[in-house]
Amino acid sequence: MAGRSAHDMTDGPIFGHIVRMIMPMSFGIFAMMLVGIIDTYWVGTLGTAQQAAVQMSFPVTMLVMSVSIGLGAGAVSAVSRAAGRKDGTSISRISTDAMTLTLLSVGAVSLLGMLFVEPIFRALGASATMLPHVVDYMTVWFAGIALIVGPMVAGNILRALGNTVVPSIMMMAAAAVNLVLDPIFILDDVFGLFPGLGWGVSGAALATVAANAVTFLMVLWYLVVREKLIDFKWEDLGEVWHHWMDIARVGIPACISNIFNPVAMTVAMSGLAMARFGDAAVGGLGVAGRVEAFAIVPLFALSACIGAITGQNGGADRLDRVREAFRKAFLFCIAWGLGVAAILWIGADWIAAAFLPGEEGRAAAVDYWRIASLTIGGYGITIAASAGFNGLGRPAHGMAITAGRALGLMIPTSIMAKMPKL
């Protein structure tokens, strides 16, 4: 298998591979989630319009990031299946082609985004007060998107080979640099100790881009020099095209699948559902969802890793181990989900009081935790199954599972929650 730090997951205990991979990934994901919270805090010190502008950018940034997640899923599938076949030559070629496809794709998105950022957000309803701040933030973000997406796909390549330690270190390094740069780039004065650069919302975007640029340089060095996974030869463009199509075959459905959940959450929070219960309910549900997201980080980590395990074993035609990987992953989801549900059930009142000032918001959060927390294990199974099928190169299965949860269950039940009783 190509790469000094690659792990052969077609042999050895399946659950051992799962645990070995999700532990470091959990730390990396936690660090990145923490950055989002700190970003929100520093931007909030600038004013309401600035904070609203950054919040309004989320649907667009999530849509663009869905493209990168899809490319990453396609890379994991293609690289891990080649690793399972013990095809070292193909691994380096596919890795190179995945990075090339990523940079070309996000380069096009970057150019279009910078050209049309103002009309896009005007069409989305940005107010005259908010629009200049949205443009400032998103122009920088679009300009640096290749530096944000590149490390993500590079990390996926390493995970496809069973290495989650290096990608996790990269994620934590990016988070650390971002946390340091945020106040310096955003504020005019940092804690009264030394002057900041005072770039406002542009500084928030630039801190993210700069942190990821550092990470991108580190991971490129690792891929090129240490692991020798990048092949600079372009001898057969037909082979390159074949790899691009294989990556896109998995990546496009994975991208679409990743959009379903944000759409469902938007509907759940909208006037069709939770918003009709009042601001307190929306605020309580928002806080409850954020707390729950931190509690299920290991399930996110599992979904980021299971595709590599199923992909390698599928490539090696070890379908018995593929079935075992799904079985062990699902059992882990159920066990973790029950543990989190028990904690949230017992501590719901205390946790709600720590985050929400009003009684109505607390009541909404407590009700959410004592009902929705019972479904955590099922959610983990959904995202693990989808990622596992992507790894096998069967993205339609994963998309059907994700669509069934979001469009078939979540949206209808959110809407029916306020329907009049017959």
Exercise. Distance-only, no hydrogens or angles: does the Gln312 side chain make a donor-acceptor pair with backbone N or O of His7 under 3.5 Å?
Worked result: yes

Problem set entry | Intermediate values then yes/no, side chain to side chain contact (heavy atoms under 4.5 Å, CB included), Asp39 and Asn178 | CA-CA 9 Å; Asp39 269 352; Asn178 203 337; 4.0 Å; yes

Problem set entry | Name of the residue among Ile247, Ile91, Leu158 meeting side-chain contact (heavy atoms from CB on, under 4.5 Å) with Val79 | Ile91

Exercise. How long is the gap from NE2 on His17 to OG1 on Thr164, to the nearest 0.5 Å?
Worked result: 12.0 Å

For this session: Might you point out which heavy atoms bring Ala384 and Ile306 nearest each other, and give the distance in Å?
Result: O-CG2, 3.5 Å

For this session: Flag the pair Ile376 / Leu299 as yes when at least one side-chain heavy-atom distance between them is below 4.5 Å, and no otherwise.
Result: yes

Problem set entry | Donor-acceptor contact present, side-chain Ser386 to main-chain Ile383, <3.5 Å | no

Exercise. In Å, rounded to the nearest 0.5 Å, how long is the span from OG1 of Thr215 to CE of Met171?
Worked result: 10.0 Å

Exercise. If we only count heavy atoms from C-beta on, is the Ile18 to Ile14 side-chain gap below 4.5 Å?
Worked result: yes

Exercise. Between Phe30 and Phe294, how do the two ring planes meet: parallel, tilted or perpendicular, split at 30° and 60°?
Worked result: perpendicular

Exercise. Between Asp11 and Arg318, is a salt bridge (Lys or Arg N to Asp or Glu O under 4.0 Å) present by the stated rule, with each step listed?
Worked result: CA-CA 10 Å; Asp11 192 22; Arg318 294 294 308 274; 5.9 Å; no

Exercise. Does some side-chain heavy atom of Trp336 sit less than 4.5 Å from a side-chain heavy atom of Leu302?
Worked result: no

Exercise. Partners of Val240 by side-chain contact (heavy atoms from CB on, under 4.5 Å), sequence neighbours excluded?
Worked result: Arg93, Asp97, Trp234, Trp244

Exercise. CE of Met114: more than 12 outside heavy atoms within 6.0 angstrom?
Worked result: yes

Exercise. Taking all non-hydrogen atoms of both residues, which atom of Ala83 and which atom of Leu161 are closest, and how far apart?
Worked result: CB-CD2, 3.9 Å

For this session: Output yes when a side-chain donor or acceptor of Ser92 lies under 3.5 Å from a complementary backbone atom of Leu229, and no otherwise.
Result: no

Problem set entry | Donor-acceptor under 3.5 Å (Arg159 side chain, Ala308 main chain) | no

For this session: Kindly indicate, with the supporting measurements, whether the criterion side chain to side chain contact (heavy atoms under 4.5 Å, CB included) is fulfilled by Leu392 and His397.
Result: CA-CA 10 Å; Leu392 286 171; His397 294 68; over 6 Å; no

Problem set entry | Closest approach of Pro253 to Ala248 (non-hydrogen atoms, all atoms of both residues) | CD-O, 3.9 Å

Exercise. Looking only at atom types and distance, does a side-chain atom of Thr402 sit under 3.5 Å from a main-chain N or O of Met399, one as donor and one as acceptor?
Worked result: no

Problem set entry | Leu206 side, atom CG; Ile184 side, atom CD1 - distance, nearest 0.5 Å | 11.5 Å

For this session: Go through the steps for Asp246 and Arg249 under the test salt bridge (Lys or Arg N to Asp or Glu O under 4.0 Å), then give the verdict.
Result: CA-CA 5 Å; Asp246 193 26; Arg249 181 178 61 83; 3.0 Å; yes

Exercise. Do any N or O atoms from the side chain of Thr102 and from the backbone of Gly150 form a donor-acceptor pair under 3.5 angstrom?
Worked result: no

Problem set entry | Any residue meeting ring pair (Phe, Tyr, Trp, His ring centres under 6.0 Å) with Phe326, in chain and number order, not counting sequence neighbours | Phe330, Phe389

Exercise. Any donor-acceptor pair under 3.5 Å linking the side chain of Thr139 with the backbone of Asp136?
Worked result: no

For this session: Specify the closest pair of heavy atoms between Ala348 and Val366, including all atoms of both residues, with the distance to one decimal.
Result: O-CG2, 3.7 Å

Problem set entry | Shortest non-hydrogen contact from Tyr137 toward Ala204 | CE1-CB, 4.1 Å

Problem set entry | Side chains of Asn163 and Tyr222 in contact at under 4.5 Å (non-hydrogen atoms) | yes

Problem set entry | CG-CD1 distance between Leu331 and Ile381, expressed to the nearest 0.5 angstrom | 8.0 Å

Exercise. Any side-chain heavy atom of Cys305 within less than 4.5 Å of one from Met25?
Worked result: yes

Problem set entry | From CD1 (Ile351) to CD1 (Ile346), nearest 0.5 Å | 10.0 Å

Exercise. Would Val109 and Leu111 count as a side chain to side chain contact (heavy atoms under 4.5 Å, CB included) if you check the C-alpha gap in whole Å, the side-chain angles of each, and the deciding distance to 0.1 Å?
Worked result: CA-CA 6 Å; Val109 172; Leu111 180 60; over 6 Å; no

For this session: Work out which heavy atom in Ser57 is nearest to a heavy atom in Met138; give both atom names and the distance.
Result: CB-SD, 3.4 Å

For this session: Begin from the C-alpha positions of Phe142 and Val60 and carry the test side chain to side chain contact (heavy atoms under 4.5 Å, CB included) through to its verdict.
Result: CA-CA 11 Å; Phe142 275 125; Val60 175; 4.1 Å; yes

Exercise. With a 4.5 Å limit on heavy-atom distance, are the side chains of Asn390 and Ser77 in contact?
Worked result: no

Problem set entry | Tyr41 and Asp182, any side-chain heavy atoms less than 4.5 Å apart | no

Exercise. Out of curiosity, Ile186 CD1 to Gln50 CD, how far, rounded to the nearest 0.5 Å?
Worked result: 11.0 Å

For this session: Could you check if a side-chain atom of Ser68 sits within less than 4.5 angstrom of a side-chain atom of Val64, using non-hydrogen atoms only?
Result: no

For this session: Would you please name every residue forming a side-chain contact (heavy atoms from CB on, under 4.5 Å) with Phe27, sequence neighbours left out?
Result: Met172

